[in-house]
Amino acid sequence: MSSPHTHRAADHAAARVSARQAIAAVTSDFTELPEPVGTGRPDGPLAWSGYDDARAAAYERTGETESVVCGTAVVEGVRAVLVSFEFRYLGGSLGERTGDRLEAAYAAARAHRLPLVSLVATGGSRMQEGMRALSQLQRVAAQSALNRAAGLPQIAVVRDPTTGGGWATLGAGADVVLALPGAQVGFAGSRVRPPDADPSAYTAEGQLAAGAVDAVVPADRLRTRLGRWLRLLGSPARGPVAPPRALGDARPPGTGWEAVLRARSPERPRAAAYLDAYFSWREEISGDRCGGTDAGLLCGFGLRDGRSVAYAAQCGTATRPAGYRTAARLIRLADRLSVPVLTLIDTPGAANDAEAERAGAGPAIADVFAAVAAARTPVTSLVIGEGGSGGALALAAPGRTWAAPDSYFSVIAPEAAAAILKRPRTDAPGLADELRLRPRDLVDLGVVRGVVGH
């Protein structure tokens with residue numbers, strides 16, 4: 001998306017945080033990378049009249065020779081490659097020389113095995129360089145793919161504004177996307193979107209609600225949160241992790257129906273309690289990157305014994321398609337970074353309403369099954385409550401699933417089994433025994449490896 005009249009946009013945004021101020025906000029240890037050697041023509045590839053004068057004026061205004069500053073930095077004790085955009089330089093737009101610098105930054109990250117952090121503030125591709133500018137997005141995407149293949153994390157911090165191709169590559173294409181409050185974020189810039197468009201959709205908060213941003217972080221907390229993420233994505237635990245200890249009632253249920261009732265009890269510990277007991281601290285990812293979120297499935301990375309573990313935890317509600325897609329995204333990211341995964345299973349089943357079907361419930365569940373099956377990193381699972389049918393099984397690790405004493409796991413809920421078998425609902429308690437869904441039954445059936453204790 002080209003940014004119209006980027007020099008005027010830069011004047012309008014003179015009060016915005018500069019590239020170097022953005023760097024200083026997250027680190028006091030920054031070393032700029034050498035400027036890549038490049039060739040240029042007067043007024044750029046299109047011979048755009050006045051382009052060289054506009055660049056000279058941008059230099060006088062900012063002290064920068066391009067719209068991006070790149071270097072290595074230490075953020076809260078973790079070394080990384082840092083890319084920061086200067087919006088006052090032609091609207092932070094991407095041109096060929098910007099592409100040279102970005103390519104060098106990605107290459108430096110690969111050469112030194114470092115994560116790459118982008119502090120993005122851009123209006124998109126540089127109008128004065130036409131399609132040569134737009135093609136830099138392909139160049140950025142290719143470099144990003146090389147770093148992903150090398151198992152190197154990419155984190156984006158989207159500042160105000162982040163629009164156009166910069167959002168659609170460095171921003172939305174990162175593994176973890178943090179945003180500053182109130183930032184304008186969207187593919188369409190303010191001058192090219194429909195006049196009747198809802199402005200809230202083009203904000204950091206709107207993108208968080210739509211599943212495209214992981215967290216909105218206040219500026220005064222950004223350094224700490226960024227440092228935590230860098231540590232989590234770069235210090236994986238080794239080998240499969242142990243399942244959490246049981247937090248609820250440790251007595252084995254006498255009947256299948258008792259197991260069901262205990263798993264459904266509102267007093268039973270839920271996913272958040274298990275995660276808080278298991279990790280020293282944790283950070284969440286949010287959203288399926290397809291327009292949806294599901295508050296009933298917590299995904300993220302946590303620190304345990306000084307090392308990172310990824311988690312996907314159901315919270316006792318019917319899991320929505322967006323939740324499954326977020327879990328699949330989490331598992332694939334953890335697999336690429338060699339971080340072991342913990343899943344907590346607690347759902348009466350997948351959401352089965354018409355909205356869920358329209359949102360692709362089947363494909364979303366299939367995606368989680370595929371992500372777990374293909375994962376090279378070890379996955380450990382614990383059933384902490386209800387294990388309702390395939391919507392629960394999708395998150396279970398074959399051969400590495402345990403059960404809490406106050407849980408059950410069943411091919412289907414007893415009430416639904418009664419309906420399918422054309423039996424009265426009053427038969428549900430008896431069917432619970434026939435389904436052999438108690439934790440100790442599951443051990444006997446070989447479905448789970450064991451029942452965890454306190």
Side-chain angles (χ1 to χ4, degrees), residues 243-244 246-248 253 256-257 259-265 268-275 294-299 310-328 330-331 341-353 356-357 360-373 375 379-417 420 428 431-432 435-443 445-452:
L247 298 181
W257 189 241
V260 171
L261 294 179
R262 282 171 56 182
R264 292 175 179 174
S265 170
R268 176 182 53 78
R270 303 288 165 155
Y274 273 91
L275 294 173
D294 181 2
L297 204 155
L298 303 177
C299 292
Y311 64 85
Q314 291 170 317
C315 299
T317 58
T319 305
R320 315 262 346 145
Y324 289 114
R325 283 191 288 264
T326 305
L330 179 281
I331 293 165
V341 178
L342 170 70
T343 66
L344 300 181
I345 296 165
D346 184 10
T347 180
N352 58 6
D353 53 76
E357 292 297 339
I365 296 168
D367 198 29
V368 179
F369 272 117
V372 171
V379 181
T380 298
S381 302
L382 176 65
V383 187
I384 64 170
E386 292 195 80
S389 194
L393 187 67
L395 284 169
R400 287 198 57 81
T401 295
W402 280 260
D406 49 354
S407 70
Y408 80 87
F409 212 161
S410 178
V411 64
I412 198 165
E415 298 91 338
I420 291 171
L431 279 170
L435 289 167
R436 299 192 64 190
L437 48 71
R438 297 174 302 172
R440 67 187 184 203
D441 294 326
L442 300 172
V443 175
L445 291 169
V447 175
V448 303
R449 289 181 62 166
V451 181
V452 298

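This chain uses plain numbering: 1 for the first residue, then up along the sequence.
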(message) A side-chain contact here means heavy atoms from C-beta on lying under 4.5 Å apart; do Pro253 and Leu261 qualify?
(response) no
(message) For a quick test of reading the model, state the closest non-hydrogen atom pair linking Gly360 to Arg325 and the distance between them.
(response) O-NH1, 4.0 Å
(message) Rounded to the nearest 0.5 Å, what separates atom CZ in Arg268 from atom CD1 in Ile384?
(response) 6.0 Å
(request) Nearest 0.5 Å please: distance from the CD1 atom of Ile365 over to the OH atom of Tyr324. (result) 4.5 Å
(request) Look only at the side chain of Thr347 and the backbone of Ala392, and say whether a donor-acceptor pair between them is shorter than 3.5 Å. (result) no
(request) Check Ser389 against Phe409 and note the closest heavy-atom contact, atom names and distance. (result) O-CE2, 4.3 Å
(request) Indicate the atoms forming the closest heavy-atom contact of Leu435 with Ser410, along with that distance. (result) CD1-OG, 3.6 Å
(request) Check each of Leu344, Ile345, Val451 against Val383 using the side chain to side chain contact (heavy atoms under 4.5 Å, CB included) test, and report the only one that passes. (result) Ile345
(message) Run Glu386 and Arg264 through side chain to side chain contact (heavy atoms under 4.5 Å, CB included) and show every step you take.
(response) CA-CA 7 Å; Glu386 292 195 80; Arg264 292 175 179 174; 3.1 Å; yes
(request) Provide the closest heavy-atom pair for Trp402 versus Thr380 in the form atom of the first, atom of the second, distance. (result) CZ3-CG2, 3.9 Å
(message) I need the minimum non-hydrogen distance between Ala417 and Leu431, along with the two atoms involved.
(response) C-CD1, 4.0 Å
(request) Working to the nearest 0.5 Å, report the span between OG1 of Thr326 and CG of Asp367. (result) 10.5 Å
(request) Please answer whether the main-chain N or O of Tyr408 pairs with a side-chain N or O of Arg262 as donor and acceptor at a distance below 3.5 Å. (result) no
(message) If you define the side chain from C-beta out and look only at heavy atoms, does anything of Pro414 sit under 4.5 Å from Val260?
(response) yes
(request) Apply side chain to side chain contact (heavy atoms under 4.5 Å, CB included) to Leu395 and Leu297, showing your working. (result) CA-CA 11 Å; Leu395 284 169; Leu297 204 155; 4.2 Å; yes
(message) Working to the nearest 0.5 angstrom, can you tell me the gap between Thr401 OG1 and Leu393 CG?
(response) 8.0 Å
(request) Please step through side chain to side chain contact (heavy atoms under 4.5 Å, CB included) for the pair Arg320 and Asp353, ending with a clear verdict. (result) CA-CA 10 Å; Arg320 315 262 346 145; Asp353 53 76; 2.7 Å; yes
(request) State, yes or no, whether a side-chain contact exists between Pro363 and Pro321 at a heavy-atom distance under 4.5 Å. (result) no
(request) Not counting sequence neighbours, which residues clear salt bridge (Lys or Arg N to Asp or Glu O under 4.0 Å) with Arg270? List them please. (result) Asp346
(message) Using every non-hydrogen atom in the two residues, find where Tyr274 and Ala246 come nearest and quote the distance to one decimal.
(response) OH-CA, 3.8 Å
